[in-house]
Novice: 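Attaching a single structure in structure tokens format; questions to follow.
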There are 2 protein chains.
Amino acid sequence: MEELTERQKLLLSLIVHEHTLTAKPVGSTMLVRQYSLPISSATIRNEMTAMEEMGYLRQPHTSAGRVPTEKGYRFFVSNLLQQPALPTATRNTITHQFYQARQQLDEWFRLAAAVLAKQAQAASIVTAPHSKKVAFKHLELISTRASQVLMVLVLVGGEIRQQIFSLDEIVTQQRLSNLAAELNTLCQNCTLAQLEKLDLSLDDVGNTVMAVIKDQMQLSERLVTGEIYLDGLTNVLAEPEFADTEQALSALSLFEERNKLDDLLSRSFLGNEVGDVQVLIGGEGTWEELRQCSLILSHYGIQDQLTGTLGILGPMRMPYGNAISTVRFVANLLSDLVAENLME
Amino acid sequence: MEELTERQKLLLSLIVHEHTLTAKPVGSTMLVRQYSLPISSATIRNEMTAMEEMGYLRQPHTSAGRVPTEKGYRFFVSNLLQQPALPTATRNTITHQFYQARQQLDEWFRLAAAVLAKQAQAASIVTAPHSKKVAFKHLELISTRASQVLMVLVLVGGEIRQQIFSLDEIVTQQRLSNLAAELNTLCQNCTLAQLEKLDLSLDDVGNTVMAVIKDQMQLSERLVTGEIYLDGLTNVLAEPEFADTEQALSALSLFEERNKLDDLLSRSFLGNEVGDVQVLIGGEGTWEELRQCSLILSHYGIQDQLTGTLGILGPMRMPYGNAISTVRFVANLLSDLVAENLME
DNA sequence: ATTAGCACTCTCTTCTTGAGAGTGCTAATT
DNA sequence: AATTAGCACTCTCAAGAAGAGAGTGCTAAT
């Protein structure tokens, strides 16, 4: 395939830039005037025709200006985009907010989603970090009433799971506490597989509790992501390309259906390391719902141990520079927080 | 104010019914044909004029059919609506789903939101139950690394709060466990005020931990609601009255801004008991954003002890019968679950 | 290789027009 | 006194027409 000339690259950049501002097709005359180019509109038209044939541009209809195609955007993002670091002031503001969130786990993720949404003026998604290898960390048994017990199970990585269940007999809090203490020692850092092998020789109550623990760990193992935090969904509605509700609906429905979202995120995991920022443009042929959208994703956390995903969803016509910088910055921030606070 | 005649009441019901189906203004001829009424369209026109003067109906423009006003809807809901019990099959399906959710607290609320959204084809909201009187139930201290500690605090009512903090010295898990055990005994069922009075004579570590506990309890006391679960936001987008994105945006933005939502829910608390179903029509003059919407809310849980809110948001033109029945049913279901599982 | 010039195309907005649905009023009917 | 038939009038909505504006593609000249 042919290469783009330097001039064509410049033009592509300008077209992308102009189109992100106006949301309208970009014409040759317009371009010359707007950027005081030293070439004529006719030349630009020639170049545009060439770039259209190569698949970087598209005409919505004959005799309209050009709009970047997915391929055009992808080339732009990969080769032409200079990624400005986020302004220091912005970075400080964000860091400060996290500082203020005290050390509450769930607040971090909520805040991360809020920051992404605000900063990129798009919908944002953050998943709490989740470990592929689920391991027992700490157990708590609390008697609520009669034979009912509230179990709080903390997994390695800080994930908390709770369940209420009934025992066959009425048990004192004291006995529950003793049992919990015993299990905490025995099961420390065990994975589910290791727990299965352990011969604990417990009484009935102990066995019931162990069954519940294993059950919860199994549930956790099946999960692809931790808890999901969304924000800024309404930002998407404000974009002109979603003035037609249909479009908006199809994009947002992806965020509402947990299994679709899981699928999307888990596929985006493949072959990507913590810290890489991925840009999915126009659904990349796989997600019909995202045909009009772009998704900027990054994993954060500790590679292969405890990772989560975060990203933003916006129209394909998106200020990629800012979006990517923001995602990268927040991802690094969360990675640091995870490393400092959730790892042994 | 004048009373509506029986015939006018019938007409109002029919107009509401027809309008919920078509979303269009209802004309007199239409009404006669559709329902084979034994009176002429002229008579209906006369009645309509009368009801318009009384404020129950409204003409979008001269020479269009009539649409119910907020007052019309309110009268309809209060006086004319017969509330069908939910079909047994539906009730069973829902109950069964809750049964399958195992005993995971958070799943209940997520599920409740999903059921409401699905059943009413509207946006739904569920808040986890929250106690006005925050009281200590159980504490857990887990050493993560060096001097860092993960605290898991369970409040009476099942609310779980977590925080990570650092101690001034490095402490063994053993010592943390002992401290936790001690505090669990000392602080059992104490409110924040009671904790303040307690003279515990603890060491440095103990005092640090107590400060964090109090801090968390204070945070919890300030909250109006527990965690918030939303679902079905995209259902709202599908309604014809929100074909214009502007409208949809203003309605949904209410759900995205936590403080607005808190405000809305806390006001709806006033003078309402668990089990009552409230119907807020058209924002009731207070919420500009909801001018086009209706909100069906109910509290659930144990009055004055542990309550949450749930409800649905839809267009003012809403199938109120079904919506109210669904909200009532789910509220009762959750109330039962709370009573059985979260109360002492 | 670039550009000026020009005919042509397509959208968008504004106007017009006619059909359709509905109203309000008056006079006749029950 | 309540109801109804009849009719003129109003307003929206959809479809078509016309003109402005922006943009293109092509040809011929530079």
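The figures here come from the full heavy-atom set of this structure, side chains too, leaving out hydrogens, waters and symmetry mates. Naming: A, B, ... by sequence-line order, numbering from 1 per chain.
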Novice: Are there over 12 heavy-atom neighbours, none belonging to A:Arg291, within less than 6.0 Å of that residue's CZ?
Specialist: no
Novice: Got a salt bridge between B:Glu52 and B:Arg58, using NZ or NE/NH1/NH2 to carboxylate O under 4.0 Å?
Specialist: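 The answer is no: the pair does not qualify as a salt bridge.
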Novice: Which is true for B:Ser41 with a 4.0 Å heavy-atom rule: it touches a base, it touches only sugar-phosphate, or it touches nothing?
Specialist: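 The answer is nothing, as B:Ser41 stays clear of every strand by at least 4.0 Å.
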Novice: Between B:Ala64 and A:Ala42, just flag the one whose closest nucleotide in DNA chain D comes earlier from the 5' side.
Specialist: B:Ala64
Novice: Under the 3.5 angstrom rule, does the side chain of B:Glu284 hit a backbone N or O of B:Ile281 as a donor-acceptor pair?
Specialist: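 Yes, the answer is positive, given that a donor and an acceptor are paired below the 3.5 Å cut-off.
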Novice: Grab the CZ-P distance between B:Arg7 and D:dA2 for me, whole Å please.
Specialist: 10 Å
Novice: Give a yes or no on whether the ring-centroid distance for B:Tyr73 and B:Tyr320 is below 6.0 angstrom.
Specialist: yes
Novice: So which of B:Ile228, B:Thr309, B:Thr127 actually passes side chain to side chain contact (heavy atoms under 4.5 Å, CB included) with B:Leu261?
Specialist: B:Ile228
Novice: For DNA chain C, note the earliest and the latest nucleotide, 5' to 3', having some atom under 4.0 Å of a heavy atom belonging to chain A.
Specialist: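 It runs C:dT2 to C:dT11.
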Novice: With a sphere of 6.0 Å drawn around CD of B:Glu246, does it hold more than 12 non-hydrogen atoms of other residues, nucleotides or ligands?
Specialist: no
Novice: Who pairs with B:Lys260 by side chain to side chain contact (heavy atoms under 4.5 Å, CB included), at least two apart in sequence or on another chain?
Specialist: B:Ser253, B:Leu254, B:Glu257, B:Glu289
Novice: Do B:Glu18 and B:Lys24 meet the salt-bridge criterion of a basic N to acidic O distance under 4.0 Å?
Specialist: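 Salt bridge flag = no for B:Glu18 with B:Lys24.
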Novice: What's the CG-C1' distance between B:Leu11 and D:dT3, to the nearest Å?
Specialist: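 Taking CG of B:Leu11 and C1' of D:dT3, I get 14 Å after rounding.
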Novice: Hey, which of these two, B:Glu47 or B:Thr62, hits DNA chain D nearer its 5' end, going by closest nucleotide?
Specialist: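 Final value for this comparison: B:Glu47.
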Novice: Please give the angle, rounded to 10 degrees, between the axes at the start and the end of the helix from C:dA1-D:dT30 to C:dT30-D:dA1, where five pairs define each axis.
Specialist: 30°
